[in-house]
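Only one structure is covered here, and it is reproduced in the block below.
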There are 2 protein chains.
Amino acid sequence: MQPNMRCMPRDHTGHEVLAVVLQVRDAGLSVLLWRRARPPYEGAWALPGGALGDTEGLGPSVRRQLAQKVDVRELSHLEQLETRGDPDRVPGRRVLATAYLGLIPADADPGLPGDTAWHPAGRLPEMAFDHAGIVAAGRHRLRNKLSYTNLGYALAPPEFTMSELSGLYRAALGYDVSATNLQRVLVRRGQIEPTGAAAAPGRSGGRPAARFRFRTRRLEVTDAFAVLRPPAPAGLEEREKA
Amino acid sequence: MQPNMRCMPRDHTGHEVLAVVLQVRDAGLSVLLWRRARPPYEGAWALPGGALGDTEGLGPSVRRQLAQKVDVRELSHLEQLETRGDPDRVPGRRVLATAYLGLIPADADPGLPGDTAWHPAGRLPEMAFDHAGIVAAGRHRLRNKLSYTNLGYALAPPEFTMSELSGLYRAALGYDVSATNLQRVLVRRGQIEPTGAAAAPGRSGGRPAARFRFRTRRLEVTDAFAVLRPPAPAGLEEREKA
DNA sequence: GGCAGTTTTCGACTGTCAGGCGAAAACTGA
DNA sequence: TCAGTTTTCGCCTGACAGTCGAAAACTGCC
């Protein structure tokens with residue numbers, strides 16, 4: 001199309017990174033947004049992020065930008081989402097955006113700057129640029145990965161009861177999840193295990209719940225859900241050890 | 001396409017698009033590569049792609065670049081894979097690359113330019129830059145999506161027998177897939193249906209196979225495989241109509 | 001202390017679906 | 001007609017999700 005256009009010195013296309021940071025806050029899925037004080041989209045809400053540094057990797061850049069909004073040490077998970085390159089996604093100039101999905105456990109409550117706040121991911125305020133669509137992509141990714149990976153660890157505190165975990169899944173998935181089934185499924189898959197200690201009995205009585213933890217806090221995919229799975233690779237008992 | 005050294009000044013970071021184009025060719029999964037004639041990585045093989053135009057969307061750019069290698073009308077599927085931004089993934093200058101996954105049905109045999117050829121995706125030749133990793137990501141994505149979507153349509157010709165389809169899945173997944181089970185699963189999910197016509201009986205005898213087709217040739221996800229699925233949404237019979 | 005209320009835990013039952021096996025069907029070539 | 005080949009169909013099994021109900025374990029009130 002334009003063989004030499006790539007050498008044009010000016011009007012280069014910029015590149016920015018954005019982050020969809022999600023956390024379950026009081027029984028709902030929330031996303032971290034900041035309010036734009038200047039045009040374009042003055043007063044609208046935007047995802048945290050900013051321009052990619054000249055010698056900076058994408059992942060490190062997200063972490064750096066995010067550090068201006070929250071304590072990044074709270075981040076339990078970070079993965080690349082998608083890159084948007086619509087020529088006019090930003091009015092005036094060409095900016096590509098690579099979006100990341102970040103998760104924060106429900107027990108964390110990082111302090112925020114004045115222009116930044118949590119918003120329910122289901123009912124977004126007026127959003128700048130194409131950020132509403134990016135949030136939707138992030139929610140989608142989270143929903144899917146909760147089903148076939150152990151990503152729940154990224155939403156949950158180090159220890160939890162099944163009721164609490166069920167509440168987290170409910171908030172993230174958008175529908176009720178039976179604590180009974182959730183426990184059976186996650187234990188069978190080896191994702192969670194009881195800690196042994198029982199939780200403090202509830203505020204209004206009731207049998208004290210057992211506490212659980214995720215066995216590993218790094219992403220692992222449940223390959224047992226490949227629909228046409230490979231023939232069982234002989235050994236059966238090493239699955240327990242792995 | 002190849003890094004143009006005249007543009008070397010490290011003013012801004014450039015952006016290119018790449019495509020992992022996969023096709024099942026004689027019982028194996030193959031990827032489209034071209035051979036670099038100039039340094040860096042002279043003689044090594046690279047993914048098709050090139051610099052993003054200044055006013056060009058990402059998807060259109062991949063299609064444009066790909067048109068120089070194959071007949072893009074053969075492309076049955078195209079989706080974004082990931083963006084690589086390692087500061088030194090390309091020696092000398094900063095180039096971000098957004099990779100796409102493209103699929104071509106097994107019955108197509110597009111003509112190729114002289115520097116371009118199909119290679120077995122399992123045993124790659126010496127690859128330029130980080131392209132080997134990108135091919136691996138593409139194979140991974142294909143394997144996963146074959147399990148929980150109807151993406152098989154993108155590998156298969158308009159009509160096929162179950163033996164042929166089983167061979168395609170075997171090539172893409174890397175392990176044997178029983179034609180019996182595959183038929184039952186895909187029919188139950190409503191992905192494929194018999195065309196009615198029977199295939200020409202085999203070259204060496206045998207019962208003539210029934211021919212099948214995919215009901216739709218657009219991507220649809222098999223939501224029934226969400227592990228913790230939402231409560232059944234009442235109506236049961238409209239699933240048949242959908 | 002006993003009893004009602006509450007919450008969690010456990011076991012049993014059902015229905016769906018994938019995987020495997022073998023018999024029957026349908027064709028070719030000798 | 002018969003052996004060989006390939007596909008198709010039906011049956012069985014085993015895994016697993018979803019539901020329900022009973023039992024367990026606690027609080028608070030009488």
Side-chain angles (χ1 to χ4, degrees), chain A residues 146-148 159-167 169-170 173 175-212 222-234 236 239-240, chain B residues 146-148 152 159-167 169-170 173 175-212 222-234 236-237 239-240:
Chain A
L146 276 183
S147 284
Y148 63 91
E159 291 196 5
F160 46 85
T161 69
M162 287 316 298
S163 297
E164 291 164 3
L165 192 63
S166 157
Y169 273 70
R170 177 194 150 69
L173 293 173
Y175 50 81
D176 277 333
V177 173
S178 139
T180 299
N181 286 338
L182 188 63
Q183 172 176 348
R184 193 164 28 123
V185 170
L186 296 189
V187 166
R188 179 169 41 211
R189 293 187 184 169
Q191 287 187 22
I192 63 173
E193 63 189 357
T195 68
R203 35 256 148 241
S204 67
R207 173 172 176 169
R211 299 184 74 81
F212 289 80
T222 305
D223 54 299
F225 267 87
V227 175
L228 305 153
R229 18 180 178 280
L236 296 167
R239 220 185 109 195
E240 188 52 38
Chain B
L146 277 183
S147 284
Y148 64 89
E159 290 196 5
F160 46 84
T161 68
M162 287 317 298
S163 297
E164 291 164 3
L165 191 64
S166 156
Y169 273 70
R170 177 194 151 70
L173 293 173
Y175 51 81
D176 277 332
V177 174
S178 141
T180 299
N181 286 337
L182 188 63
Q183 171 177 348
R184 192 160 29 118
V185 169
L186 296 190
V187 167
R188 177 169 41 212
R189 293 187 184 170
Q191 288 186 22
I192 64 174
E193 63 188 358
T195 68
R203 35 259 146 236
S204 68
R207 171 172 176 168
R211 298 185 74 80
F212 289 81
T222 306
D223 53 299
F225 266 86
V227 176
L228 306 152
R229 19 179 179 281
L236 297 168
E237 47 273 64
R239 222 185 106 195
E240 188 52 40

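Each chain gets a letter, A, B and so on, in the order its sequence line appears, and its residues count up from 1.
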Expressed as a whole number of angstroms, how long is the span from F212(A):CZ to dT9(C):C1'? 9 Å

In whole angstroms, the gap separating P of dT16(C) from CZ of R189(B) amounts to 16 Å

Atom-to-atom span, CD of Q191(B) to P of dC17(C) - whole angstrom: 13 Å

Determine the contact category for S163(A): base if any of its heavy atoms lies under 4.0 Å from a base atom, sugar-phosphate if only primed atoms, P, OP1 or OP2 are that close, otherwise nothing. sugar-phosphate

Quick check: do F160(B) and R211(B) have side-chain heavy atoms less than 4.5 Å from each other? no

Interatomic distance where CG belongs to N181(B) and P belongs to dT7(D) [whole Å]: 15 Å

Atom pair distance, as rounded to whole Å: CG in D176(B) and P in dG20(C): 10 Å

dC10(C), OP1 or OP2 - any side-chain N/O from Q183(A) closer than 4.0 Å? yes

Rounded to the nearest 0.5 Å, the CZ atom of F212(A) sits from the CG atom of L165(A) at a distance of 9.5 Å

Would you mind reading off the distance between E164(B) atom CD and dT7(D) atom C1', rounded to a whole angstrom? 12 Å

Which whole-number value in Å describes the distance from Y169(A) OH to dG18(D) C1'? 17 Å

Which nucleotide in the set dA25(D), dT8(D), dG11(C) lies at the smallest distance from any side-chain heavy atom of P208(A)? dA25(D)

Return the nearest nucleotide to the side chain of R184(A); candidates are dG18(D), dT8(D), dC20(D). dG18(D)

Expected output: side-chain Q183(A) to main-chain T180(A) donor-acceptor under 3.5 Å: no

Closest approach of S166(A) to V177(A) (non-hydrogen atoms, all atoms of both residues): OG-O, 2.8 Å

Nucleotide nearest A210(A) when distance is taken to its side chain, options dT8(D), dG18(D), dT9(C): dT9(C)

Rounded to the nearest angstrom, tell me the gap between atom CG in L182(B) and atom C1' in dC9(D). 16 Å

